[in-house]
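Just so you know, these numbers use all the heavy atoms, side chains as well, and skip hydrogens, waters and symmetry mates. For ligands, and for the atoms within them, numbers begin at 1 and follow the listed sequence. As the structure is a computational prediction, the values presented were derived from the model and not from experiment.
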Amino acid sequence: MNKVLIVEDEAGLVLTLSDRLESEGFSVDVARDGETGLELAMNSAYDLIVLDVMLPKRNGYDICRDIRASGNNVPVIMLTAKNETIDKVLGLKLGADDYLAKPFEMMELLARIEALIRRSAASGNGSGATGFSFDDIKIDFRNAEVSKGKRKVELSAMEFKLLQYLIENRGQVHSRDALLDAVWGYDATPTTRTVDVHIAWLRQKLENNPKRPQFIQTVHGFGYKFVT
Ligand code: CA
């Protein structure tokens, strides 16, 4: 199921949009201000984001720029006020894929959402990004390459798989058992200790201070989560 984030503060429009998208089979998250919108966009994997420009707390331009700066290339459609052509130029410059001036026809928005999701799926993005970066670390998911600063980081296949899974599901807490199922698969028979060992290796290679991990965090009594 395609997952869409709507960042919009007009209650009526939010309701119409989310009802319509859900009836078309999308799973929908809503943020009513810019801060919440950015947080959700950074911490969950969406197939598309519908982003209003004028929002409380953070505006749509800032959000779009920050999403792109984090290496996330999720498709973004910006909603602009009517006839603000300057909005369009700025929005596209900051990395939006499309824009739509308010008021718009629902069918028009749906057509554009579907076109963008198709295009993004065709280019191999799926639900996630082809790359991700945090701190001084850059990850290329397609070529399974990682660098820290100017240095290339060598990861084993399982370390890379674990890291990619944590990043794609960042912000969520995962138990060791859940990580074993998701990353190692049911056919393998490693123990939960295997997860701890791989986490320790990842921290050793990626964290600035592996003893006090900033990104790959332990949630005591439960498991691990990735945060940026
Ligand atoms: Ca608004």
Side-chain angles (χ1 to χ4, degrees), residues 1-121 123 125-134 167-172 227-228:
M1 188 191 287
N2 283 317
K3 207 171 156 194
V4 173
L5 171 65
I6 300 172
V7 191
E8 169 64 73
D9 58 321
E10 282 172 47
L13 184 55
V14 166
L15 201 64
T16 318
L17 272 175
S18 50
D19 276 2
R20 187 58 198 266
L21 287 171
E22 277 167 2
S23 75
E24 297 287 332
F26 292 96
S27 149
V28 179
D29 282 354
V30 172
R32 290 172 189 275
D33 66 72
E35 253 172 42
T36 316
L38 183 60
E39 205 182 304
L40 283 173
M42 295 296 222
N43 291 311
S44 307
Y46 292 101
D47 295 288
L48 184 131
I49 299 177
V50 177
L51 181 61
D52 186 29
V53 170
M54 298 302 291
L55 290 161
K57 296 184 184 171
R58 299 287 298 274
N59 70 46
Y61 300 130
D62 287 353
I63 297 173
C64 194
R65 190 197 50 221
D66 288 359
I67 289 172
R68 293 298 181 243
S70 77
N72 186 339
N73 52 8
V74 57
V76 173
I77 296 186
M78 289 192 103
L79 303 180
T80 68
K82 205 182 177 188
N83 293 332
E84 287 179 336
T85 44
I86 211 156
D87 280 354
K88 173 192 168 185
V89 173
L90 189 56
L92 294 176
K93 210 168 148 187
L94 292 173
D97 298 277
D98 202 352
Y99 81 101
L100 203 53
K102 290 179 186 175
F104 51 82
E105 292 293 327
M106 209 54 197
M107 287 306 293
E108 176 70 26
L109 179 63
L110 278 175
R112 294 192 188 201
I113 287 177
E114 272 156 20
L116 275 181
I117 288 180
R118 249 198 326 269
R119 200 205 296 168
S120 151
S123 69
N125 286 348
S127 301
T130 52
F132 187 79
S133 51
F134 61 97
I167 288 173
E168 284 175 351
N169 298 281
R170 54 193 176 276
Q172 298 171 30
V227 289
T228 50

In a check of side-chain contact (heavy atoms from CB on, under 4.5 Å) between Val76 and each of Leu116, Leu51, Leu48, Ile63, which one passes?
-> Leu51

Could you go through residues 34-41 and list every donor-acceptor pair under 3.5 Å that involves a side-chain atom there, pairing it with any protein atom two or more places apart or in another chain?
residue: Thr36; atom: OG1; partner: Asp33; partner atom: OD1; Å: 3.0
residue: Thr36; atom: OG1; partner: Asp33; partner atom: OD2; Å: 2.9

Applied to residues 50-63, the salt bridge (Lys or Arg N to Asp or Glu O under 4.0 Å) test, sequence neighbours excluded, yields Asp52-Lys102, Arg58-Asp62, Arg58-Asp66, Asp62-Arg65

Is there a donor-acceptor pair under 3.5 Å between the side chain of Arg68 and the backbone N or O of Val74?
-> yes

Can you name the residues that form a side chain to side chain donor-acceptor pair (under 3.5 Å) with Glu108, not counting sequence neighbours?
-> Arg112

Can you list the protein N, O or S atoms less than 3.0 Å from the Ca ion (ligand 1)?
-> Asp9 OD1, Asp52 OD2, Met54 O

Determine yes or no for a side-chain-to-main-chain donor-acceptor pair under 3.5 angstrom, with Glu8 supplying the side chain and Glu10 the backbone.
-> yes

